Amino acid sequence: LAYAWAARSLDWRASSGAGCIAFLVSTWALMPLSVPLGACVAIACTTLALGIFLMPARSRARRAAPAPTWDIPLRMLLSALLVWVLTGAAERMGPQASGLLTPFPIATCILAAFTHRHEGAASANELLFGLLTGLFSFAMFLLVLGATLGRWPVGASFGAALVATLIVHGGVWRELSRSAQRPAPVLEGVHD
């Protein structure tokens, strides 16, 4: 959300900084909390819905130009570097802080920055909108896994989590397809 709003007027570097700062501040604020699994998923889904609602208005993304040959190797290198830094810092930070930093949006930050740089802010915001909608499935995966792991065999826990994820993702995808096909509301007295 921070990246999306920053991208309306800032370049990919400043937008990445805004997104990272927002993540770190929210992580710091969550450190003292201990929330039961069900409540955690409810909060996550509510936050995702709120995030989608608060996203800037979506505009038409321009067509992607072919990526330069160095694009994918650089993304891979940056992702590996961020994983290495976070993994190295985890031992010094302790289990709770490192657990909160584990979901640091490495892939998201890199994908949004590269998309923003090569295709513009509208494309980056489309990417982030897709991410927010896809995270409902991830929340379901974590809910099922958290509820079954340790009680069921590992394979069964992951299998059930995968099935639940696919069901939720299918529902989200169907709803997005329906909403894309709905005509825009017509306001009385408003003419083109």
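Keep in mind the model is a prediction, meaning the values are calculated, not measured.
Taking the side chain as every heavy atom from C-beta outward, L50 and L54 approach each other to under 4.5 Å. By the 4.5 Å heavy-atom criterion applied to side chains, T108 and L111 are not counted as neighbours. With a 4.5 Å cut-off on side-chain heavy atoms, H118 and P68 count as touching.
When all heavy atoms of D11 and H116 are compared, the pair lying nearest together is C-CE1, 3.5 Å. For S15 against A6, the heavy-atom pair with the smallest separation is OG-C, 3.5 Å.
Using a 4.5 Å cut-off between side-chain heavy atoms of Ile, Leu, Val, Met, Phe, Trp and Tyr, with links allowed through other members, V83 and L81 fall into different hydrophobic clusters. Side-chain heavy atoms closer than 4.5 Å link hydrophobic residues (I, L, V, M, F, W, Y) into clusters, and following such links, even through other members, never connects I21 to W28. Hydrophobic clustering of Ile, Leu, Val, Met, Phe, Trp and Tyr side chains at less than 4.5 Å, counting indirect connections, unites L142 with L149. By the criterion of side-chain heavy atoms lying less than 4.5 angstrom apart, applied directly or through intervening Ile, Leu, Val, Met, Phe, Trp or Tyr residues, L82 is grouped together with L74 in one hydrophobic cluster. Hydrophobic clustering places F53 together with L131 (ILVMFWY residues linked when any side-chain heavy atoms are closer than 4.5 Å, directly or through intermediates).
Within the model, atoms CG of L127 and OH of Y3 stand 9.0 Å from one another, a figure rounded to the nearest 0.5 Å.
The closest donor-acceptor contact from the side chain of N125 to the backbone of L128 lies at 3.5 Å or more, if one exists at all. With hydrogens and angles ignored, the 3.5 Å screen pairs a side-chain donor or acceptor of S137 with a backbone N or O of H169. Checking side-chain atoms of R151 against main-chain N and O of A147 turns up a donor-acceptor pair under 3.5 Å. With hydrogens and angles ignored, the 3.5 Å screen pairs no side-chain donor or acceptor of S16 with any backbone N or O of A113.
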Q: Could you give me the CA-CA distance, side-chain angles and deciding distance for F158 and V144, then say whether side chain to side chain contact (heavy atoms under 4.5 Å, CB included) is met?
A: CA-CA 8 Å; F158 275 90; V144 172; over 6 Å; no
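No more than 12 heavy atoms of other residues, nucleotides or ligands lie within 6.0 Å of CH2 in W152, so this atom counts as exposed by the packing criterion. The 12-atom threshold is exceeded at CH2 of W70, counting heavy atoms of other residues, nucleotides or ligands nearer than 6.0 Å. Enclosure of atom CE in M76 is not indicated, since only 12 or fewer non-hydrogen atoms of other residues, nucleotides or ligands lie within 6.0 angstrom.
Of the candidates V168, V163, L162, L162 is the only one forming a side chain to side chain contact (heavy atoms under 4.5 Å, CB included) with L166.
Ring geometry, F138 versus F141: the interplanar angle falls under 30°, so the pair is classed parallel (tilted spans 30 to 60°).
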